[in-house]
**Student:** 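The structure is given below, and queries will be raised subsequently.
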Amino acid sequence: MSLLEALTFFPLAILAVIGAVGMVVARNPVHSALFLILNFFALAGIFLTLLAPLLAVLQVIVYAGAIMVLFLYAVFFFIQPGQRFTLAYSLPAQALLGSLVIIVLFTLMLYTLYRGSLFSVPSIGAAESFKRGEIFPINAFGSVLFSRYLLPFELTSLLLLSAMIGAVVMTRAPRNKNILQKKGITTEAQGSKDE
Amino acid sequence: MTQIQTIHLGSFVFLSPLLILVACVLLLILLDAMKIGRSFKVQGTMSALSLLFALIALAVFFPFNPVQLFGGAVIYNGFTALINASLLLLLLLTIVISSPYLLKVKSEGFEYFPLIITSAIGMMLLPMTRELVSLIVSIEILSIPLYILSGYNRHIEESKEAGFKYFLLGAFSSSFLIFGAGLIYGSTGSIWLSDIALNLPLVEEKFLLLLGLAMLLVGLGFKLAIVPFHSWVPDVYQGAPSPVVGFMAGAVKLSVLSALLVVLFYGFGLISLYWKPIFIILAVLTMFLGNFGALHQMSLKRLLAYSSISHVGYIITGLVIPAPAISTAIIFYAISYAVAVLGIFALLSMWATEKSDDVYLDDIRGLSQKEPLVALMLAIFLMSLIGVPITAGFLAKLYLFYEVYRAGYVYLVIIAIINSIISVYYYFRVITAMYILPAAAPSNIEGDVNFAHAALNSANQSNPFSARARVRSQESAPLNLLVGYVCLLISVALGIAPRLILLLLNIYHI
Amino acid sequence: MNDIVDYSVVLSLLLFSIGILGVIVRRHPIVMFMAIELMLNAGNLLFIAFARHLAEVNGQIYALIMMAVAAAEVAVGLAIIVALYKYRAEVDVDAISAFKG
Amino acid sequence: MSYIHLAIVWPLVGASVNGLFGKWLPKKLASFIACFSVLLSFLASFLALVMYLMGIGALGPSGQYIYTLYSWINVSGFTSDFGFLVDPLSLLMANTVSFVSFLIHVYSIGYMEKDEGFTRYFTYLNLFVAMMMLLVTSENLVMMFVGWEGVGLCSYLLIGFWYRNKAPQRAGVKAFVVNRVGDFAFLLGIFLVYAIFDTVRFSELAKILGTQVSISPYLMTVIALLLFGGAVGKSAQFPLYVWLPDAMEGPTPVSALIHAATMVTAGVYLVARLNFLFTWSQFAMLIVAVIGAFTAIFSASMALVNNDIKRVLAYSTISQLGYMFLSAGLGAYPVAIFHLFSNAFMKALLFLSSGAVIHALNDELDMRRMGGLAKYMPKTYANYLIGAMAISGIPLLAGFFSKDAILYSAYTSTPLSFPSVGKILWIVGVLTAILTAYYMFRQIYLVFLTPPRFNPSLHPHDPPNVMLVPMWILSLGSVLVGYLGLPVLFTSILGVPNVLMPFLNRVLHSVTVTAHKVGEPISNKELVGEAIVTLVSVISALLGLFLAHYFYKLRYGITEKLKRIFKEPYLTLLNKYYVDEFYNGLFVVNGKRFADFLDAEVDRGVVDGFANFIAFFIGALGQLLRSLQTGLIRNYAWYICVGAIILIVLLFRGVIT
Amino acid sequence: MLYQATIPILSILIFTPLIGALIMLFSATHSIKFHRFFSLTISIIAFLISVGILPFLKDLGTFNLEEIYTWLPQIGASYHLGIDGISLWLVLLTTFLFPITILYSFGSVHFREKEYYILLLITETALLGTFLALDLVLFFFFWEGVLIPMYLLIGIWGSGKRIYAAMKFVLFTVVGSLFMLVGIIGIFVYSNQFGPSTFDFVKLRNIPIPLELQTWLFLAFTLGFAIKVPTFPVHTWLPDAHTEAPTAGSVILAGVLLKMGAYGLLRFSVGLFPAAAIKFSPSLMALGVVGIIYAGIICAVQTDLKRLVAYSSIAHMGFIVLGIFSMNSIAQSGAVIQMVNHGLSTGALFLLVGMLYDRRHTREIAEFGGLAIPMPVFYNFFLVVMLSSIGLPALNGFIGEFLILLGAFQVNYYLAGVGTFGVILSAVYFLYNFRRVFHGECYSSENRLLKDLNLREILALAPIVLMIFLIGLYPRPFLKRTEPSINEVVMRVNRAGAILYLSPTERAQKEDVSKLINLNLTENLVK
């Protein structure tokens, strides 16, 4: 691990953790979202140090850009008069139990990492391997994606299609407004979301 | 440097069932968008037809020899073809009952059919994939429509709640799945099952690998509703629309189980020593929790949900046997379970209304008088779930327990037997309600039903939209009855003469 | 333990754990969902780190596909959440417990 | 002799006809069918006797003729045929039984005339005859047991004949149950016999035991005592005698037939029939004798103060049966059978006469409300007197000869291991003889001779001929049957042969334990001994007679004073030594308490409670586990994490170990 | 030697009632009369068929009229039926009792009659199948098939706590039967060592099983059968089920259902695992004896007439268990005939109690008294049947009890001795309660106005009483046909015993030899 790497990695890692922790502890969901965006940015940086510039870019565009915007948008939906954010946490006991489990899990995983070994034999497929420390050319990336990983790629399209249909289904305005009026809540303008 | 793999178009004919389904999905969406044929009947008929085509295609292009596609990412063989055929059949039956159901609950929108077919595509792909990322994507394709479908009755709060719970926990579990895949990737250097199997001996310290496997099993276990990843099942099954539950209870299990078998035997067969004991403990936990949970349920759907958990428990006792031949027993069990449970939900969905499609035990009291045939069919399906002879459930249990016993896990068989005994109680409660209790005056018979204080205990569980009025006699639901008949026929046929299917499953084990 | 990959894996584990914690302790549906996104990201980090470790591109491709998966989940998830909570006075996951027992 | 089965078949036919169609039959026809069937039965057995005596038909080596009707049970080595054993013993029994039965049947026509259950009565009675004949003629233990239980059943049915009243029913159940206690032993005896000898046929058993076999005397004692247990129950010996006095609740002819003349003697018949077996165990025989002697004096003492005319006779019956066992136990089987034979006539006579009295007094049983009946019912009185004299041992009547034979056998017997026992038993027998004479004449006085105490509105008179004729015939019998078995003293004086003893001796083998061998030429010394014994018994009979005369004639009314003076002994006797109360307390009350305990505490509490507890436990566990399903997503997520941890730990455990 | 029947007469026998039930199920008519007489006709036809079999039975030491068809080759199950001297009588008992119960039910079942008769016929099929199946899976098939119809019969047409009773019945039965299933799987797995795995009883009983495995399998099977019999201490379902069941249900339960357990003990527990059966015979005999005494004592204080009969039933079944595990021909023959006897007499007792209940709508003994006056015919029937139940000689009950005790006595003096004590108890509790019900003055006006039996009821009872006398007086035809089959069982037991009770070294040698023998045997099987 070179110094440069260390210098970029550790601050970014700290930022990522701060973002993550912040997201969990922030009372206001909007703050949470912002913390998460911070985390995503930091991760994008880490992707860069891990020699994955394409992913870093996608991370910024897709995650920080599209997804988080969606999140914020959804959060804003809920900002209604009288709505409380304060009820954001669970009971202390729950938090305690949760933390306990997380600590155990994390310890276990760390132990695993400590005892375990990463796979060290060079990858078998020659096409997709590249020299250590080298950034993989984008066109090769494409050709691997569209040849060897054609199936998951195609499946993704199906996945997104179904997600789109689902989103439409869930957010369409109900035809029958009686239920809403009974609840005494006024309907707001609907926006269907898709990709 | 890059080598573009040639794709043999010829072998894609084998995927024609899947392609037909995809085409059908697209067609349905397009028609909907173009406001053509916007009725459940038309959509349902079209879906059913395409399913029939798919079935025919599957039969025509039956892979007598395994077919390798997408560079080995998909292996389509007899086993998966059988699974696919079963799934298609289940879907077909589900679709038949869906249109009347959607009409009854006054559902909006016509995305139901594309969604459920998409989900089936995911299910069908799942056992074929030999690569973890495709596997994960398949699971997502399977899941995401189900999330939506669970909450499809948007005007019913419970349905939405079911969808939400299912989704949030589902997403939670898929992050485990992905994380697990990542760890396996790191520790074995590949996510291709064949490569994993090849590289396994090279892995020096298996901790990371096992961590990844554990995470992977969390994700798959969640889909299968293995305890302790089961907790969504009762809530979702109770809230989700009945046809969807009927479909996913059986089909998801069938599909994910076969995927699990594929992953375990083709990917991690070498370290079966490590994962075998887990399934002993998980099976025991699952059986007990499922059965104990079901004991006091008043909602039929919830009861069946718990029972489905317990059935997963029985099934995964088979996984303690690290031999591919076990797949015959497991898949036979899963199929027999799926048929019975679909039959039950086909009948239950008859009584859905706009307000609720939950059915409580009180609602079906005296059913044998009002609708003797429905009651009889329900009873036979329940018998199949118990494992009483002349139904498929019995032979499935016998076969499975036989395999487990033969492998030397007598104690596991005995635990399963104890659980079957416990399960008899709650299944018979349903039969009691249908056949014995009078339709009138509620609740004071409870002391009667009460076997040693294990009361029905309905005090805190009352149906807000009591469906009692819904169970009317002579309610015309020919399609539901039709599906009931078909399931009954299959169930009994598998229980009396399962020679053919056992033969096929034996030949085409995984 | 001095390779960047190792540290990345540790970071990934940490983020994953924090994500779980978020799901367990928070009661706001969207925040919970965000925590899940964090977990997915931890997975992606894992893929990318291992891709670097193994010096191959596959891990990155997996991460890319996982991103699509995440996006699909987000689309559906947010839709469900909005549909469920739009008409509720209180945005609290604990309020969604009509089913229990 | 192959007609012997008709002796059973005819009464059965009679019972079936009356039982199935009795409802539609006129009373006369029904009674005719019943009586005629028994008459046929008697004729069949008599024919067999005649044929036997004339030597017609092939006899077995031991002078027995076996006739098998069909094979009843035949399972892998175990055989029990529906077969008949014709030999002197069974012939004597069969003839006695059928003859007395016939007389009592005839008597019953008059006695039961006005009863609503007329045909039912005759059905049961016929059935009884059939069963009794089966008992005495069957050729194996199991078939005998069939008759044994069959007569028990008829006894139960007939005791409880008047089912509207509680007391007869209780008595009937008591009789059946107490008998079953005896039968329990009897059954075990049969099992043991089969287990050891591999057969239950009398002839084969006799053959086996006739030779020298190596069987432990202990085992033989057990077998003998078990079989004797059956006899104790049926023949109402101590300690199972309690049912017989209560059995008097039944119609009087029934008491006469079943509970005096025939059925109760079945025990004696059993012992005699199995003489070859009892001979093997001296200890068992001693027990038989001692129990017989004890029962004789014990029940005679209870008869002393009892006021119920029939119960006195019942105690007398028990006492006489005790005599029979006394002699049987000493090995003098023919003597026992002789007494049985004479007793059948005497007791039947007494009961029938008492029945006439009861009938005349409108079902009055209490002797304190009788008296002076000799004037009103002279013929009955005559009969009664003959019976009482006979049974008391007044010389030259039947009872005198048979009782004398018993006492003589006791006097002379010297059981090998306990030589002095014979004399003791003799003394007991003599004392009993005194008591017998006393209570019999006490009865005569109380009923016939003391001043009348009955309801003056009644006009007792002698019964109609249909009842009287059987009584006369029995009286005749009571006088004469004794001459069939004259003792040596008389045979030597009169020169008249003893016909009965040699006849019986053909099967009732001489027994080693008694010095006296009946029918053999004897020495003068023995003759003197016999003379002494005879004298003593005559004196004792007269003494008893005199005592009764003294208390109830000479000093009439003194008994009241005596009752006051000897209050405690009197009450004890009146209350039958409190044995019933003791049994009731020990078996019935405790048994009921125990049964309640078993039912409520053990069965419902522990056994069923355990099953219910499991169910409850599972149910409670179900509730508990249900509470895990909180409906909260974060809890579910937490479970998943815990599950993940469990999985990881489990997987690692595999690696680490 | 296999004798393949040209006409599958046993199958026809088994499925006649089922076909009848199906016809009734799908018949459109709502005429109750049709259903009544149709079911009666069907059951009578079944009876006639079963009687018609009698002349065709040859050597009953082996199975007669066998039918073998391959059924599930993958699972190893076949459709194998056969009849021998043990099952013959149970089959006849079944077909004999069903017309009677159906005839009786005409007057006592007044709602949901169609279902009622359908369920009865289904039960009959399942029972016949249980007795005739020679394949363990097929046996289990039919065995479980009884469960649901019986559950519904008790649950729907029962009285009082009927659902509790029905559920208890089902749960107890299922506990047993599922453990039996484990045993079935166990022997199936083991049989793999001697050629292809099989469920076929005839093949299975020829394979030598090591003692330890035999022990476990025996226990699994025996648990299932013992619950059904029922043996102390797993009997508590019976009083409840019998008491709450409708009369016909009680008759079938007591008459035939309990025999399934006893039959299973004799055919499978003893037949398949003779060595283990020898090992456990003292304990099981003891259980039988405990049942006799325990139930006998409890009977004495029952206040419910039906419960009384139910407990007496436990006592009688105790005799059967005692007989079966005495392991000799006499006792086992006695046990078989006692099964028939118990079916007849207890069945008749339940019928009688049911007839009383139909009139008076109570079964409390205290409510009755003096019934002999208004109901003389009833009284006499009850008397005869009760006496048969008490075991009075010359009636059927005696034959069985006597042979059982006689046989048991050859094996164990003490247990048989204690068991014999049951004859006293049965007299006590029956006579005591008989007196309370029938004797004394008839005070209550309700009792005084009771109608005596009508012709239909007499017709239902008369055949049973006839059989009671017939078996009691001439049991030879019954015993003669049972004996060869029992001898076969005993012969196998003795052979196993000869190996079991040798010294260890001798046994080892013997086992080697027997293995050799059986290897030859398996070769033959393979051929």
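Reckoned from all heavy atoms, side chains included, excluding hydrogens, waters and symmetry mates. A note on names: the letters A, B, ... follow the listed sequences, proteins ahead of strands, and every chain is numbered from 1.
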**Student:** Contact between E/Tyr151 and B/Tyr435 at the side-chain level, heavy atoms closer than 4.5 Å - yes or no?
**Tutor:** no
**Student:** Would you call B/Phe401 and E/Val182 a side-chain contact if the rule is heavy atoms closer than 4.5 Å?
**Tutor:** no
**Student:** Could you check B/Ile386 against E/Val174 for side-chain contact (heavy atoms from CB on, under 4.5 Å), going step by step and ending with a plain yes or no?
**Tutor:** CA-CA 10 Å; B/Ile386 298 177; E/Val174 161; over 6 Å; no
**Student:** Going by heavy atoms in the side chains, are E/Ile163 and B/Leu437 under 4.5 Å from each other?
**Tutor:** yes
**Student:** Find the distance between OH (E/Tyr190) and CZ (B/Arg406) and round it off to the nearest 0.5 Å.
**Tutor:**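 Separation between the atoms: 16.0 Å.
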**Student:** Do the side chains of E/Val137 and B/Phe394 get nearer than 4.5 Å, heavy atoms only?
**Tutor:**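 With C-beta onward as the side chain, the pair touches.
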**Student:** Taking side chain as C-beta onward, heavy atoms only, is E/Phe179 less than 4.5 Å from B/Ile421?
**Tutor:**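 Yes; the side chains approach each other to less than 4.5 Å.
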**Student:** Which atoms of E/Phe140 come close to chain B, meaning under 4.5 Å heavy atom to heavy atom: side chain ones, backbone ones, both, or neither?
**Tutor:** both
**Student:** Checking side-chain polar atoms at under 3.5 Å, does B/Ser368 have a donor or acceptor matched by the opposite partner on E/Arg112?
**Tutor:**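 Their side chains do contain a donor-acceptor pair, which is all the 3.5 Å distance test asks for.
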**Student:** Just by distance, do the side chain of E/Trp71 and the backbone of B/Arg499 share a donor-acceptor pair under 3.5 Å?
**Tutor:**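 Not confirmed, E/Trp71 side chain does not pair with B/Arg499 backbone.
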**Student:** Pick one of side chain, backbone, both or neither for E/Ile156, based on which atoms fall under 4.5 Å of a heavy atom in chain B.
**Tutor:**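 Contact with chain B is through both the backbone and side chain of E/Ile156.
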**Student:** Mind checking the CG-CG spacing from B/Leu373 to E/Leu25? Nearest 0.5 Å is all I need.
**Tutor:** 7.5 Å
**Student:** At a 4.5 Å cut-off on heavy atoms, which part of E/Ile184 comes close to chain B: side chain, backbone, both, or neither?
**Tutor:** neither
**Student:** Calculate, to the nearest 0.5 Å, the distance between atoms CD1 and CH2 belonging to B/Ile436 and E/Trp157 respectively.
**Tutor:** 9.0 Å
**Student:** Under 4.5 Å from any heavy atom of chain B, what part of E/Thr70 do you find: side chain, backbone, both or neither?
**Tutor:** both
